[in-house]
Amino acid sequence: MKGIVFSLALPRRRRLTLPDIRALLFRHGVSLLLAALLLAGLILGAAYARAADKQTLHALDFLFTTNLDARLGKGGFGIFIACFASDFIFLLSAYLLGIAAWGMPFLLALVCFKGFGTGVTAGWLCLSHGVSGAGFYLLVLLPGTFLFCAALVRFSSDAFRFSRRAFTYSLSKSVPASSLRESLLRFSAQFLTALSVTFVASLLDAVLWTFFAGTFHFQP
């Protein structure tokens with residue numbers, strides 16, 4: 001009787017087979033590749049932060065957060081604009097590369113570069129300010145950065161697929177069964193969705209900077 005009860009309560013899990021893995025890679029392979037490149041760029045950026053000089057860091061500050069004093073002096077709205085502008089550049093670049101037939105390798109490089117800059121920011125804060133820098137990054141910068149990076153990887157995956165289709169379309173000798181117009185409209189709608197997530201991520205950044213950045217005291 002106990003055996004019957006346990007057999008009903010605990011159904012057997014279906015084992016993951018090779019066709020299942022192939023189907024998973026077919027559906028999400030591009031997203032997994034982009035996520036891996038983002039992580040690789042993050043590691044490289046963190047390693048590079050040890051050797052980066054102040055001039056290089058200031059040059060990267062427009063795209064990444066490497067100058068805390070400048071950001072803190074802008075106020076809440078200024079911080080929102082700075083965060084949204086830098087994220088918008090990456091998102092717009094992904095969109096433009098997505099509609100280009102040759103954009104696939106550059107999309108991979110774009111995501112890797114975003115990870116590199118994120119790693120530079122994290123590494124620079126930890127190396128320059130120790131525990132305070134690590135706490136600042138985890139509490140203030142990481143939530144918005146994680147949200148945007150997730151949106152960038154997801155949208156770049158859509159951009160990669162659209163670019164691949166445009167490349168195949170341009171090389172096709174026969175007339176394709178369907179035009180790119182509907183796909184372009186759908187891709188543009190995905191861009192607007194990613195843009196709305198970017199807006200939320202930038203708003204989150206501004207709120208966290210405004211309410212929590214002042215609790216951290218960094219020595220020059």
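Residues forming a side-chain contact (heavy atoms from CB on, under 4.5 Å) with Ala166 (at least two apart in sequence, or on another chain): Ala101, Leu180. Judged as a side-chain contact (heavy atoms from CB on, under 4.5 Å), and not counting sequence neighbours, the contacts of Phe88 are Phe84, Leu92, Phe191, Leu195.
In this structure, the side chains of Phe211 and Val207 come closer than 4.5 Å at one or more pairs of heavy atoms. Using a 4.5 Å heavy-atom cutoff, the side chains of Asp87 and Ser202 are in contact.
To the nearest 0.5 angstrom, Phe199 atom CZ is 12.0 Å from Leu204 atom CG. Taken from CG in Leu91 to NZ in Lys114, the straight-line distance is 11.0 Å, to the nearest 0.5 Å. Between atom CZ of residue Arg161 and atom CE of residue Met104 there is a gap of 13.0 Å, rounded to the nearest 0.5 Å. The distance from atom CD1 of Ile81 to atom CZ of Phe77, rounded to the nearest 0.5 Å, is 4.0 Å. Here CZ of Phe80 is found 10.0 Å from CG of Asp205. Values are rounded to the nearest 0.5 Å. In this structure, CD1 on Ile89 lies 12.0 Å from OG1 on Thr198, to the nearest 0.5 angstrom.
Tyr48 and Leu39 fall into different hydrophobic clusters, defined by Ile, Leu, Val, Met, Phe, Trp and Tyr side-chain heavy atoms under 4.5 Å apart, directly or through other members. If you chain together hydrophobic residues whose side chains sit under 4.5 Å apart, Val197 and Leu203 never meet in one group. Taken together through direct or relayed side-chain contacts under 4.5 Å among Ile, Leu, Val, Met, Phe, Trp and Tyr, Leu33 and Leu42 form parts of separate hydrophobic clusters. Clustering ILVMFWY residues whenever any of their side-chain heavy atoms sit less than 4.5 angstrom apart, transitively, puts Leu32 in a cluster other than the one holding Ile43. Cluster membership check: Val200 does not share its hydrophobic cluster with Leu192, using side-chain heavy-atom separations under 4.5 Å among Ile, Leu, Val, Met, Phe, Trp and Tyr.
No donor-acceptor pair closer than 3.5 Å links the side chain of Ser163 to the backbone N or O of Ala159.
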Residues 135-155 side chain polar contacts: donor-acceptor under 3.5 Å, at least two apart:
{"unit_1": "Thr145", "atom_1": "OG1", "unit_2": "Leu141", "atom_2": "O", "d": "2.8"}
{"unit_1": "Arg154", "atom_1": "NH1", "unit_2": "Asp158", "atom_2": "OD1", "d": "2.7"}
{"unit_1": "Arg154", "atom_1": "NH1", "unit_2": "Asp158", "atom_2": "OD2", "d": "3.2"}

Item to check | Candidate pair Phe187 and Gln190, rule side-chain contact (heavy atoms from CB on, under 4.5 Å), full reasoning | outcome: CA-CA 5 Å; Phe187 178 57; Gln190 292 167 341; 3.7 Å; yes
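Ring centroids of Tyr95 and Phe90 are separated by 6.0 Å or more, keeping the two rings apart.
Contact record, Ala206 with Thr210: O-OG1, 2.7 Å, taken as the closest heavy-atom pair. Closest non-hydrogen pair, Ser156 versus Leu107, comes out as O-CD1, 4.3 Å.
A donor-acceptor contact closer than 3.5 angstrom is absent between the side chains of Thr168 and Arg164.
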